[in-house]
Amino acid sequence: MAAEKITSRAKDYSQWYLDIVNRAGLAENSDVRGCMVIKPHGYAIWEKIQRALDRLFKDTGHVNAYFPLFIPKSFLAREEQMAEGFAKECAVITHHRLKAIPGGGVEVDPESKLEEPLIVRPTSETIIWNTYRSWVQSWRDLPLLINQWANVVRWEMRTRLFLRTAEFLWQEGHTAHATQQEAEEEARRMVEVYRHFAEEWMAMPVLVGPKSEGQKFPGAVYTLCIEAMMQDKKALQAGTSHFLGQNFAKAFDVTFQNPEGKREYAWATSWGVSTRLIGGLIMTHSDDQGLIVPPRLAPVHAVIVPIYKTETERAAVLEAANKLAESIRDLPLREWLNYEPVTVRVDDREQYQPGFKFNEWELKGVPVRVELGPKDLAKGACVLARRDLPGKEAKEAGVPLTKAAVRIGEMLHAMQTALFERARKFREENTYEVNSYDEFKKKIEEPGGFLLAHWDGTRETDERIAAETKATIRCIPFDRQKEAGKCMVTGRPSEGRVVFAKAY
RNA sequence: CGGGGCGUAGCUCAGCUUGGCUAGAGCGCAUGGUUCGGGACCAUGAGGUCGGAGGUUCAAGUCCUCUCGCCCCGACCA
């Protein structure tokens, strides 16, 4: 049988991405325009992401709550920038009832028109700050450190599985503080939580820093972001943390009395990451054989493929496989895995041959594969293969069964590190300093990647570059070098380089 | 939302130009058998309102109109 290969990255990167999502069983398009079905394997990754992040949020003092899916239309209008930013992509609910048509079908009951239409939340600042009004009376009520796990809807014109869908899953943190300084510290703290998560869990290196004025979130005073480079050298905004100033407190009249008895507006932040992270995970690590998932987020850490011909061999191999599986499950990785279990699967399906199973588990991104057959058993050993080191050459043969579990534990750690290092190296190799706009225009097309260039800090120049080159300022990294220079477009002074790239 | 491409079996597609009999292939699926260390093979079988609606015609997968969806490129965006 001809192997069903996935499209190579070199041939067609977009198709490769779709093939991975499809063949690894992560998600599929639904019959609802722009909305995806997240399949069990994809959702399992999301659950790992959720649990790791949720712990990080709890560890930084946050609690979860839940606010409504529907928001009165008028709320959006209360904050001008937000209304402007989201008006074009809101789903609107105008009626609350259907009625059956005699003979079949249903139609909207015109009698059920809502007095005030509701919108489906594109983000929840408005409904949450409207609620905070009654929660915040005194400086003693602050800070409010609340997160919610939710779905949101943005009526996108052009969607791509995980990267941009009309409905997506995310978390949104919404905090209220007594002082500007505390709110700004919070925004910074949470973008650092995102950095930590991206790098330590997703093995995805990120740049961290503020967005330019033109790229910030509607309603924010400023937006901090984590920004990653995908394997096609395009940038992906992977998470944002916003300092919202007193914009929402003023729009929703959220005030408190300070210790001196004076009334003040509260200070706000909001921060979020979404199922888009799964798209980032795919495009950071996966290869032409399929998905690669960093061990700390892998739904299945190791799979054992038993190999046998006869019934006698089968019994012996499966017994050894199950015993090995138990010893892997007992590995002391619980803390490293956020107290999630080490998951091992013995693939004892009869209808597939070993070669087929090897390919299938590679497609699904399981970090370590164990091959165990009669020849190994005779030596009391097994064969180990690490997903990020593909090909027969990279297999470790003759690993004693007594030491296999420990070796697998080492491999999981090594793979987590190796994926991060490989991605970091890739980003570094595709990041260039450019010093003139001509050079910029050439390099953004070929070779592409992240371009570090001087910019005069104005919105006009930002927009002009975006319009002329399709590249945007992705981030003004916190850790950039101070370097006096001149804007590559206007020649006006600049105090350091910013990161430009084409982006998702 | 603008430009281009495509909708036929679970998947990938042929058939449409030039309308004509019970609409095809490969993969997948089911059953039985042989296999099993990198995507096995044989046999038998199930599976299709040809995206949807309307129209032209003796006759429509094929021609016309409308519509829905998907993919690619742009504008917008997490």
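Per chain, numbering begins at 1; letters A, B, ... match sequence-line order. Just so it is clear, the values below take in all heavy atoms, side chains as well, and ignore hydrogens, waters and symmetry mates. What you see is a predicted model; the values in this text were computed from it and never measured.
A salt bridge is defined here as a Lys NZ or Arg NE, NH1 or NH2 lying under 4.0 Å from an Asp or Glu carboxylate O, and A/Lys216 with A/Glu213 meets this definition. Ion pairing of A/Asp232 with A/Arg9 is absent here, as no side-chain N (NZ or NE/NH1/NH2) approaches a carboxylate O to less than 4.0 Å. No salt bridge links A/Glu192 with A/Arg189; every basic N to acidic carboxylate O contact stays at or beyond 4.0 Å.
Here the nucleotide nearest the side chain of A/Arg158, chosen from B/A75, B/C71, B/G38, is B/A75. Considering only side-chain atoms of A/Ser274, the nucleotide from B/A78, B/G38, B/C72 that sits closest is B/A78. In this structure, of B/C36, B/G37, B/G74, it is B/C36 that holds the atom nearest to the side chain of A/Lys309. Listed candidates were B/A75, B/C71, B/G39. Nearest to the side chain of A/Asn359 is B/G39. Considering only the side chain of A/Leu363, B/G39 comes nearest among B/G74, B/G39, B/C36. Among the nucleotides B/C73, B/G37, B/A78, the one closest to any side-chain atom of A/Glu156 is B/A78. Candidate nucleotides B/C71, B/C36, B/G74 were compared by shortest atom distance to the side chain of A/Gln353, and B/C36 ranks first. Which of B/C1, B/C36, B/A78 sits closest to the side chain of A/Gln237 comes down to B/A78. Set against B/C70, B/A78, B/C36, the side chain of A/Thr165 has B/A78 as its closest nucleotide. Side-chain proximity of A/Lys392 to the nucleotides B/G38, B/A78, B/C36 is greatest for B/G38.
Where A/Lys502 and A/Arg474 meet RNA chain B, the nucleotide closest to each residue was compared, and A/Lys502 sits on the side nearer the 5' end. Between A/Glu360 and A/Thr240, the one whose closest nucleotide on RNA chain B sits nearer the 5' end is A/Glu360.
Across the strands present, B/G2 finds its partner in B/C73; the criterion is a Watson-Crick or G-U wobble pair with both atom distances under 3.5 angstrom. Shown here, B/A23 forms no base pair; nothing in the strands shown gives a Watson-Crick or G-U wobble contact with both key distances under 3.5 Å. The nucleotide B/A9 finds no pairing partner, because no Watson-Crick or G-U wobble arrangement with both distances shorter than 3.5 Å includes it. With a 3.5 Å ceiling on both atom-pair distances, B/C16 lacks any Watson-Crick or G-U wobble partner. For B/G61, there is no paired nucleotide, since no Watson-Crick or G-U wobble pair has both relevant distances below 3.5 Å. The pairing partner recorded for B/C29 is B/G45, the criterion being a Watson-Crick or G-U wobble arrangement whose two distances lie under 3.5 angstrom. The partner of B/G37, taking Watson-Crick or G-U wobble pairs whose two distances both stay under 3.5 Å, does not exist in any strand shown. Of all nucleotides present, none satisfies the Watson-Crick or G-U wobble test against B/U56 with each distance under 3.5 Å.
Of the residues A/Phe440, A/Trp455, A/Phe450, the one that meets the ring pair (Phe, Tyr, Trp, His ring centres under 6.0 Å) test with A/Phe500 is A/Phe440. Of the listed residues (A/Phe57, A/Phe217, A/Phe197), just one forms a ring pair (Phe, Tyr, Trp, His ring centres under 6.0 Å) with A/Trp271, and that residue is A/Phe57.
Straight-line distance between the C1' atoms of B/G7 and B/U49: roughly 15 Å, to the nearest whole Å. Of the C1' atoms belonging to B/G52 and B/U8, the separation is 14 Å, rounded to the nearest Å. Taking atom P on both nucleotides, B/C27 is separated from B/C42 by 8 Å, rounded to a whole Å. Comparing the P positions of B/G19 and B/A59 gives an interatomic distance of 15 Å, to the nearest angstrom. Rounded to whole Å, the C1' atom of B/G20 lies 34 Å from the corresponding atom of B/C29. For the C1' atoms, the distance from B/G45 to B/C6 is 32 Å, rounded to whole Å. Nucleotides B/C11 and B/C50 have their P atoms positioned 16 Å apart, rounded to a whole Å. B/U65 sits 11 Å from B/U56 when the C1' atoms are compared, rounded to a whole Å.
Between the CE atom of A/Met157 and the P atom of B/G3 there is a distance of 15 Å, given to the nearest Å. One atom, OH of A/Tyr352, and another, C1' of B/C27, lie 12 Å apart when rounded to the nearest Å. A/Arg160 has its CZ atom 10 Å from the C1' atom of B/C72, to the nearest Å. Straight-line distance from the CG atom of A/Leu372 to the C1' atom of B/G37: 11 Å, rounded to whole Å. Put simply, CD on A/Gln351 is 13 Å from P on B/G28, counting in whole angstrom units. In this structure, the CZ atom of A/Arg387 is 13 Å from the C1' atom of B/G38, given to the nearest Å. Spacing between atom CD of A/Glu350 and atom P of B/G32 amounts to 13 Å, rounded to whole angstrom units. With rounding to whole Å, A/Arg369 atom CZ is found 11 Å from B/G37 atom C1'.
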Practice problem: Determine, stepwise, if the pair A/Phe75 / A/Phe252 fulfils ring-ring contact (aromatic ring centres under 6.0 Å, His included). | Solution: CA-CA 9 Å; A/Phe75 280 20; A/Phe252 290 91; 5.7 Å; yes
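As judged by a 4.0 angstrom heavy-atom cut-off over every strand, A/Glu362 is placed among the base-contacting residues. Note on A/Phe168: a base of the nucleic acid sits closer than 4.0 angstrom, heavy atoms only. Within 4.0 Å of A/Thr123, counting heavy atoms only, lies no atom of the nucleic acid at all. At the heavy-atom level, A/Val305 lies nowhere under 4.0 Å from the strands shown. Residue contacts shown for A/Gly34 are limited to sugar-phosphate atoms, with no base heavy atom under 4.0 Å away. In this structure, A/Leu163 reaches the bases: a heavy-atom distance under 4.0 Å links it to at least one base atom across the strands shown.
Donor-acceptor pairing under 3.5 Å, judged by distance alone, is present between the side chain of A/Lys395 and the base of B/G38. Side-chain atoms of A/Asp376 and base atoms of B/G37 include a donor and an acceptor less than 3.5 Å apart.
Around atom CD of A/Glu319, no more than 12 heavy atoms belonging to other residues, nucleotides or ligands sit under 6.0 Å away. Counting non-hydrogen atoms of neighbouring residues, nucleotides and ligands closer than 6.0 angstrom, the CH2 atom of A/Trp149 exceeds 12 such neighbours. The environment of A/Glu80 atom CD is sparse: at most 12 non-hydrogen atoms of other residues, nucleotides or ligands sit within 6.0 angstrom.
Listed pair A/Lys470 / B/C73 fails the phosphate criterion, with no side-chain N or O lying under 4.0 Å from OP1 or OP2.
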